[in-house]
Amino acid sequence: MPRHDPERAIDLDLVRCTENASLAAWKHFGRGDKNTADYAASDAIRGMFELIECRGLVRIGEGRKDDAPGIFTGERLGAWGEDHIPAAIALDPIDGTTLTAKGLPGAISVIAASTCTRPEDNPSGLFPAIPSHYMQKLAVGPIVAESDVHVDLDAPLRATLSTVAGQLRKRVRDLVVVVLDRPRHEAIITELRGVGCGVRLIPDGDVAAAIAPSLPDSGVDAYVGVGGSPEAVIAAAAIKCLGGQQLCRMWPKSDDELATLKAEHRCTPDDLARVWDVESMAPGEHIIFAATGISDSPMLPGIRYRNHHAVTTSILMRARNRTVRRVEAYHDLGRKTIRVGSSGDEVTL
């Protein structure tokens with residue numbers, strides 16, 4: 001029989017995955033080695049998935065842009081029993097590996113899953129693998145997304161800001177916009193400051209940044225700029241759960257990448273011009289999003305220590321009912337273990 005809400009069977013297990021990944025990454029926080037931190041977080045997620053009754057297919061992995069160690073597209077995660085729930089997985093064991101290596105705020109561990117209602121269903125089409133490394137992005141919250149005046153990725157930035165401000169009942173100069181601190185965004189930053197907006201520059205971590213406008217009390221009204229394509233899909237899952245909107249378009253970073261997109265991925269001019277929204281990046285209703293803070297961000301507090309416990313703060317969302325839960329967990333450092341996929345062992349913190 002089809003399951004009415006298959007995501008309920010694994011949603012808290014996904015929180016355990018991001019908790020363990022964050023705790024594993026924290027051991028390497030500020031130590032200058034982002035690849036070691038990334039490997040530890042990935043190993044913790046693989047180990048936890050061995051205990052989850054699902055047939056997970058990784059549709060969006062990480063490591064493609066920078067050849068980092070990690071969990072890659074096409075991998076299988078989960079126990080893979082015959083009657084287990086099929087699920088498409090999109091994840092980033094550490095969104096903000098450089099932030100983690102440098103001991104900076106803004107790092108989180110994130111997983112999105114889109115589940116099927118029957119064991120025989122194929123999850124391969126649930127999260128699209130965007131072939132470009134980067135995408136042009138615009139993300140806004142639910143008040144703007146659900147209004148009668150829609151934002152447009154091709155509209156002038158000033159017009160977009162006016163639309164966002166009007167729907168939020170703010171002045172343009174009262175808006176706070178997040179932008180990745182990159183040379184390619186110099187013109188955007190100059191224009192934002194020219195109209196008086198508050199600009200929050202971040203060094204990395206654009207999953208949390210894109211989600212922030214959809215979160216209550218985040219202090220962020222919009223996210224604009226160019227960021228990673230895998231991160232766009234992961235963020236889309238969370239934004240859908242919150243009722244916001246994200247518009248994206250492939251952004252080849254060089255002529256060589258453009259040629260590769262056309263030759264190897266057979267991208268047509270229409271493909272390159274296509275605007276992806278939340279529904280096209282995260283189709284369906286049986287979507288779960290889980291994230292745990294590694295270091296403090298507008299989305300989540302980072303790991304804290306209290307009375308010989310590591311304290312993690314996570315968020316768990318479901319798209320079908322737009323349920324959002326915050327989970328604060330206390331991990332007794334004298335007893336806490338993390339199962340790692342490389343050996344199958346339970347290791348202490």
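Because only heavy atoms are used, hydrogens play no part in the values below, and waters and symmetry mates are left out as well, while side chains stay in.
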Trainee: Applying salt bridge (Lys or Arg N to Asp or Glu O under 4.0 Å), which residue pairs with at least one partner in residues 278-287 are found, sequence neighbours left out?
Mentor: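 Output for this query lists K240-E279.
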Trainee: Under the side-chain hydrogen bond (donor to acceptor under 3.5 Å, both in side chains) rule, collect the residues that match up with R322, sequence neighbours excluded.
Mentor: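 With sequence neighbours excluded, R322 shows a side-chain hydrogen bond (donor to acceptor under 3.5 Å, both in side chains) to E146, given in chain and number order.
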Trainee: Give me the one residue out of V172, D221, I189, V176 that meets side chain to side chain contact (heavy atoms under 4.5 Å, CB included) with C197.
Mentor: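 When side chain to side chain contact (heavy atoms under 4.5 Å, CB included) is applied between C197 and each of V172, D221, I189, V176, only V172 qualifies.
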Trainee: Just verifying a value: how many Å separate M48 CE and T18 OG1, rounded to the nearest 0.5 Å?
Mentor: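 If we round to the nearest 0.5 Å, M48:CE and T18:OG1 are 10.0 Å apart.
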Trainee: Verify side-chain contact (heavy atoms from CB on, under 4.5 Å) between T160 and L138, making sure each step is shown before the conclusion.
Mentor: CA-CA 10 Å; T160 297; L138 167 63; 4.0 Å; yes
Trainee: W26: which residues meet the side-chain hydrogen bond (donor to acceptor under 3.5 Å, both in side chains) condition with it, sequence neighbours left out?
Mentor: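 W26 satisfies side-chain hydrogen bond (donor to acceptor under 3.5 Å, both in side chains) with Y305 once adjacent residues are dropped.
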Trainee: Quick check: closest heavy atoms across I294 and A25, and the distance to 0.1 Å?
Mentor: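 The pair with the smallest heavy-atom distance is CD1-CB, 4.1 Å.
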Trainee: V140, V178: one ILVMFWY side-chain cluster at the under-4.5 Å cut-off?
Mentor: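 Each belongs to a different hydrophobic cluster.
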Trainee: Sorted by first residue and then second, give each salt bridge (Lys or Arg N to Asp or Glu O under 4.0 Å) pair with at least one member in residues 339-349; sequence neighbours left out.
Mentor: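 Residue pairs with at least one partner in residues 339-349: E50-R339.
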Trainee: Can you list the steps and then say if N20 with I45 is a side-chain contact (heavy atoms from CB on, under 4.5 Å)?
Mentor: CA-CA 7 Å; N20 286 359; I45 287 177; over 6 Å; no
Trainee: When rounded to the nearest 0.5 angstrom, what distance separates NE2 in H150 from CG in L247?
Mentor: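 H150 NE2 to L247 CG: 10.5 Å, rounded to 0.5 Å.
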Trainee: Using the salt bridge (Lys or Arg N to Asp or Glu O under 4.0 Å) criterion, which residues pair with D43? Sequence neighbours excluded.
Mentor: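 Partners of D43 by the salt bridge (Lys or Arg N to Asp or Glu O under 4.0 Å) criterion come out as none, since no residue qualifies.
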Trainee: Using the salt bridge (Lys or Arg N to Asp or Glu O under 4.0 Å) rule, collect all pairs that involve residues 191-202, keeping only residues at least two apart or in two chains.
Mentor: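 Residue pairs passing salt bridge (Lys or Arg N to Asp or Glu O under 4.0 Å), neighbours aside: R158-E191.
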Trainee: Please confirm whether the backbone N or O of G334 pairs with a side-chain atom of D332, one donor and one acceptor, at under 3.5 Å?
Mentor: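 At least one qualifying donor-acceptor pair exists.
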Trainee: Determine, stepwise, if the pair R326 / L300 fulfils side-chain contact (heavy atoms from CB on, under 4.5 Å).
Mentor: CA-CA 9 Å; R326 286 188 176 267; L300 288 165; 3.4 Å; yes
Trainee: Within a strict 4.5 Å, meaning less than it, do heavy atoms of the I315 and V327 side chains meet?
Mentor: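 No. Closest side-chain heavy atoms not under 4.5 Å.
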Trainee: Is there side-chain contact between Q246 and D277, with at least one heavy-atom pair below 4.5 Å?
Mentor: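 Not in contact.
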Trainee: Can we say R16 and D13 salt-bridge, meaning some charged N sits less than 4.0 Å from an Asp/Glu carboxylate O?
Mentor: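 Looking at D13 together with R16, the answer is yes, because their closest N to O distance falls below 4.0 Å.
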Trainee: Write out all pairs satisfying side chain to side chain donor-acceptor pair (under 3.5 Å) with one or both partners inside residues 266-275, taking only residues at least two apart or from two chains.
Mentor: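 Of all non-adjacent pairs touching residues 266-275, those that pass side chain to side chain donor-acceptor pair (under 3.5 Å) are T268-D271.
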Trainee: Can you name the closest pair of heavy atoms from P252 and L261 and give their distance?
Mentor: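 Looks like CG-CD1, 3.8 Å.
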Trainee: Would you please say whether a donor-acceptor pair under 3.5 Å links the side chains of S229 and S132?
Mentor: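 Yes.
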Trainee: Run the numbers on D204 and K34 for salt bridge (Lys or Arg N to Asp or Glu O under 4.0 Å), then give the verdict.
Mentor: CA-CA 13 Å; D204 283 294; K34 68 177 185 178; over 6 Å; no
Trainee: With heavy-atom distances below 4.5 Å as the criterion, would you say the side chains of M317 and L242 are in contact?
Mentor: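 The answer is yes, as the side chains (C-beta and beyond) meet within the 4.5 Å cut-off.
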Trainee: Can you name the side chain to side chain contact (heavy atoms under 4.5 Å, CB included) partners of L349, sequence neighbours left out?
Mentor: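 Checked L349 against side chain to side chain contact (heavy atoms under 4.5 Å, CB included); matches are L23, K27, L333, K336, I338.
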Trainee: Verify the neighbour count for atom CZ of R184: are there more than 12 heavy atoms of other residues, nucleotides or ligands below 6.0 Å?
Mentor: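 Check passes, neighbour count above 12.
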Trainee: Heavy-atom count around R325 CZ within 6.0 Å, excluding the residue itself: above 12?
Mentor: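 For R325, atom CZ is not crowded (no more than 12 foreign heavy atoms under 6.0 Å).
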Trainee: Return the set of residues passing side-chain hydrogen bond (donor to acceptor under 3.5 Å, both in side chains) with D181 (not counting sequence neighbours), or none when no residue passes.
Mentor: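 Counting only residues at least two positions away or on another chain, D181 forms no side-chain hydrogen bond (donor to acceptor under 3.5 Å, both in side chains).
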Trainee: So which heavy atom on G228 is nearest to which on Y134, and how close?
Mentor: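 Shortest heavy-atom contact: N-CD2, 3.9 Å.
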Trainee: To the nearest 0.5 Å, what is the distance between SG (C17) and CG (L77)?
Mentor: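 CG of L77 is found 8.0 Å from SG of C17.
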Trainee: Give, for atom CZ of R76 and atom CD1 of I89, the distance between the pair rounded to the nearest 0.5 Å.
Mentor: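 Answer for the CZ-CD1 pair, R76 versus I89, is 13.0 Å.
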Trainee: Who passes side-chain hydrogen bond (donor to acceptor under 3.5 Å, both in side chains) against D206, sequence neighbours left out?
Mentor: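 For D206 the side-chain hydrogen bond (donor to acceptor under 3.5 Å, both in side chains) partners, ignoring immediate neighbours, are K137, Y223.
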Trainee: Would you kindly confirm whether L168 and V195 end up in one hydrophobic cluster when ILVMFWY residues are joined by side chain heavy atoms under 4.5 Å apart?
Mentor: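 In one cluster with L168: V195, yes.
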Trainee: Hey, does V179 have a side-chain heavy atom less than 4.5 Å from the side chain of L192?
Mentor: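 Contact flag for L192/V179 side chains = yes.
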Trainee: Please walk me through it: do V311 and I303 pass side-chain contact (heavy atoms from CB on, under 4.5 Å)?
Mentor: CA-CA 6 Å; V311 184; I303 294 173; over 6 Å; no
Trainee: Which pairs with one or both residues in residues 244-259 pass salt bridge (Lys or Arg N to Asp or Glu O under 4.0 Å), sequence neighbours excluded?
Mentor: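 Pairs touching residues 244-259 that pass the test: D154-R249, K253-E257.
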Trainee: Any donor and acceptor pair, going by atom type alone, linking the side chain of T97 with main-chain N or O of I94 inside 3.5 Å?
Mentor: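 Not at all, since once roles are kept as given, no pair shorter than 3.5 Å links the two residues.
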Trainee: Check T292 against V15 and note the closest heavy-atom contact, atom names and distance.
Mentor: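 Residues T292 and V15, closest heavy atoms: OG1-O, 4.1 Å.
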Trainee: Out of curiosity, does L215 fall in the hydrophobic cluster containing I143 (side-chain heavy atoms, cut-off under 4.5 Å, transitive links)?
Mentor: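 The answer is no; the residues belong to distinct hydrophobic clusters.
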Trainee: Is any side-chain heavy atom of T313 less than 4.5 Å from a side-chain heavy atom of E19?
Mentor: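 No; the side chains remain at least 4.5 Å from each other.
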Trainee: Rounded to the nearest 0.5 Å, what separation is found between the CD1 atom of I288 and the CG atom of D11?
Mentor: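 CG of D11 is found 5.5 Å from CD1 of I288.
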Trainee: Determine whether V278 and F289 fall in the same hydrophobic cluster, where Ile, Leu, Val, Met, Phe, Trp and Tyr are linked whenever their side-chain heavy atoms lie under 4.5 Å apart.
Mentor: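 As far as the 4.5 Å side-chain criterion goes, F289 and V278 are connected within one cluster.
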Trainee: Any link between I239 and V151 through a network of hydrophobic side chains (Ile, Leu, Val, Met, Phe, Trp, Tyr) touching at under 4.5 Å?
Mentor: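 No, it is not one cluster - the side chains of I239 and V151 are not joined through contacts under 4.5 Å.
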Trainee: Is M135 close to I130 at the side-chain level, that is, under 4.5 Å between some pair of heavy atoms?
Mentor: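 They are in contact (side-chain heavy atoms under 4.5 Å apart), so the answer is yes.
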Trainee: State whether the side chain of H185 and the backbone N or O of L180 hold a donor-acceptor pair below 3.5 Å, judged by distance alone.
Mentor: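 Checking the backbone N and O of L180 against the side chain of H185, a donor-acceptor pair under 3.5 Å is found.
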Trainee: Counting C-beta onward and ignoring hydrogens, is there a side-chain heavy-atom pair between P203 and L99 closer than 4.5 Å?
Mentor: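 Heavy-atom side-chain distance check passes, below 4.5 Å.
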Trainee: Determine whether a donor-acceptor pair (N or O, by modelled atom type, separation under 3.5 Å) exists between the side chain of S280 and the backbone of W276.
Mentor: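 No, the answer is negative, given that no donor and acceptor are paired below the 3.5 Å cut-off.
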Trainee: What is the distance from atom OG of S42 to atom CD1 of I71, rounded to the nearest 0.5 Å?
Mentor: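 So the OG of S42 and the CD1 of I71 are separated by 4.5 Å.
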Trainee: How about P213 and S218: do any of their side-chain heavy atoms sit closer than 4.5 Å?
Mentor: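 The answer is no; the side chains never approach within 4.5 Å.
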Trainee: Of the non-hydrogen atoms in A88 and L126, which two are nearest, and what is the gap between them?
Mentor: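 Smallest heavy-atom distance, with atoms named: CB-CB, 3.7 Å.
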Trainee: Compare every heavy atom of P128 with every heavy atom of M281, then report the nearest pair and how far apart it is.
Mentor: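 Nearest heavy atoms, M281 then P128: O-CD, 3.1 Å.
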Trainee: Just by modelled atom types, is the N307 backbone N or O under 3.5 Å from a matching donor or acceptor in the H309 side chain?
Mentor: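 Checking the backbone N and O of N307 against the side chain of H309, a donor-acceptor pair under 3.5 Å is found.
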Trainee: For residues 102-116, tabulate all N or O donor-acceptor pairs below 3.5 Å that involve a side-chain atom, not counting sequence neighbours.
Mentor:
residue: S109; atom: OG; partner: P93; partner atom: O; Å: 2.9
residue: T115; atom: OG1; partner: H286; partner atom: O; Å: 3.3

